[in-house]
Protein chains: 2
Amino acid sequence: MTIAGENTENQILTAASQVFILKGFDGARMQAIADQAGINKALLHYYFRSKEKLFDAVFSEVAANLFPAMKQVIEAELEMKEKITFFVKMYVKTLLENPFIPAFVINTLNTNPNRFLTHIKKAGINPMLLQKQIDEEAVLGLIRPMKAEHLLVNIISMCIFPFVARPIIQNIFEMNNDEYQLYLESRQTEIVDFVLKSITV
Amino acid sequence: MTIAGENTENQILTAASQVFILKGFDGARMQAIADQAGINKALLHYYFRSKEKLFDAVFSEVAANLFPAMKQVIEAELEMKEKITFFVKMYVKTLLENPFIPAFVINTLNTNPNRFLTHIKKAGINPMLLQKQIDEEAVLGLIRPMKAEHLLVNIISMCIFPFVARPIIQNIFEMNNDEYQLYLESRQTEIVDFVLKSITV
DNA sequence: ATATGATTTAACCATGTGGTCAAAATTAAT
DNA sequence: ATTAATTTTGACCACATGGTTAAATCATAT
């Protein structure tokens, strides 16, 4: 077996990622993916039986790259404030490298919920651990008591939202593309500040 | 001219809203809209020339209902902390009544940016005013100094995100639908708390 | 060199899709 | 009641779309 097969498969996956992420499942065209990959449309069906299967492959890969890093930080051996600092900086950095992923996931989530649910395979994040740490540190007076499901969602919301609502925000605050890039980068420290100030007793 | 025309037009708009919001532009089918409205597909084209035009009509209406309330609060004569309290409660309440709108807008924004840009017509929100108020109250020591584009985005992020990422959050924290509803409601006070604690000097 | 299996392609196919049109049905005007 | 205008419909069209197939090309082993 030559590696050409694997190679083509990867070409297809790369092309499919790009098109699906940009257009969503419904907006993506098999022909567009084939063109992007520089191959015949029939080859798509040779490697992946259907559009759905191809999408699943792409989505799995994308989703797989999204959660583990998160999980890793959350379960790290760090004081909560350090953990938050580290998490936000890493997460926003990841988003800066893949700015269209969040909108893609949200789009899939909401227009094809069934398609998503098959892929959810337990994000693997254990909020109990997080809550435990919050409780412990609260007792020590390091942070104020709080529910993990609010703290975590607050943080992630602030990280992700500027990526999915970019056109609106950019319009309201009249930023050009360069300015918005700087804005996104500045949010790393800004979010950390904002959160730490809030959870300090 | 009878009002029957207007009536049918509204029927169509209502049906179109439902289908577009649920499926997005690309996923929506004219036939599905016609069925939902209980009319013939050709009637859609009689009242609105094309799918695009129909979508525009829907999107205009949806967008029109989204910003003005926001603008109103932001320009109100209230101290910042009161303003935030009022804004968050009102905004989350609005979202609870239209839980699928944010995902719909984000979807449109990201998969059909051009379609959106024609509708953007200046959200009308003037961030300068907000910044001015922040600066003034910061001098008075009522709140800490901060950039409006971070404060406002932080707040709106936390309000909206749980509506667009619902399946993920619900999965991670293992909530059922009722629990999630309560969670969303509880966020009204939770977000206010979180923000006020953060901006207090 | 040649047979064998994997890979790639061009040409097709069935169906779905947005959109059109002429005729029917309904409403309004005389 | 008759005409004219508006609204609604069923049938239809051109084209796009996901998918198939048989043949061609390529690689590999003998």
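Letters A, B, ... are given to chains in the order of the sequence lines, protein chains preceding strands, and every chain is numbered from 1. Note that the structure is a prediction, hence the values are computed from the model and not measured.
Protein atom CG of A:L44 is 14 Å distant from nucleotide atom C1' of C:dT7, rounded to whole Å. Look at CD1 on B:I12: it is 11 Å from P on D:dT7, rounded to the nearest Å. Straight-line distance from the CD atom of A:Q11 to the C1' atom of C:dT8: 12 Å, rounded to whole Å. When rounded to the nearest whole Å, the span between OH of B:Y46 and P of D:dG10 equals 17 Å. Protein atom CD of A:E9 is 15 Å distant from nucleotide atom P of C:dA6, rounded to whole Å. To the nearest angstrom, P of D:dC26 lies 17 Å from CG of A:N7. As rounded to whole Å, 13 Å separates atom C1' of C:dG18 from atom CZ of B:R49.
Aromatic ring pairs are classed by plane angle as parallel below 30°, tilted from 30° to 60° and perpendicular above 60°; the pair A:F55 and A:F25 is perpendicular.
For B:H45, the ring pair (Phe, Tyr, Trp, His ring centres under 6.0 Å) criterion is met by no residue, not counting sequence neighbours. Taking A:Q18 as the reference, A:Q36 meet the side chain to side chain donor-acceptor pair (under 3.5 Å) condition, with sequence neighbours excluded.
Within a heavy-atom distance below 4.0 Å of DNA chain D, the residues of residues 16-43 of chain A found are A:A28, A:R29, A:M30, A:K41, A:A42.
At a threshold of 4.5 Å between non-hydrogen side-chain atoms, the residues A:I106 and B:N107 do not count as touching. A:Y46 places a side-chain heavy atom less than 4.5 Å from the side chain of A:L43.
Distance from the side chain of A:H45 is smallest to D:dG18 among D:dG18, C:dT8, D:dT6. Side-chain atoms of A:Y47 lie closest to C:dT7 of the nucleotides D:dT8, C:dT7, D:dG18.
Centroid-to-centroid, the aromatic rings of A:F100 and A:F104 stay 6.0 Å apart or farther.
For D:dT7, neither phosphate oxygen OP1 nor OP2 lies less than 4.0 angstrom from any side-chain nitrogen or oxygen of B:T8.
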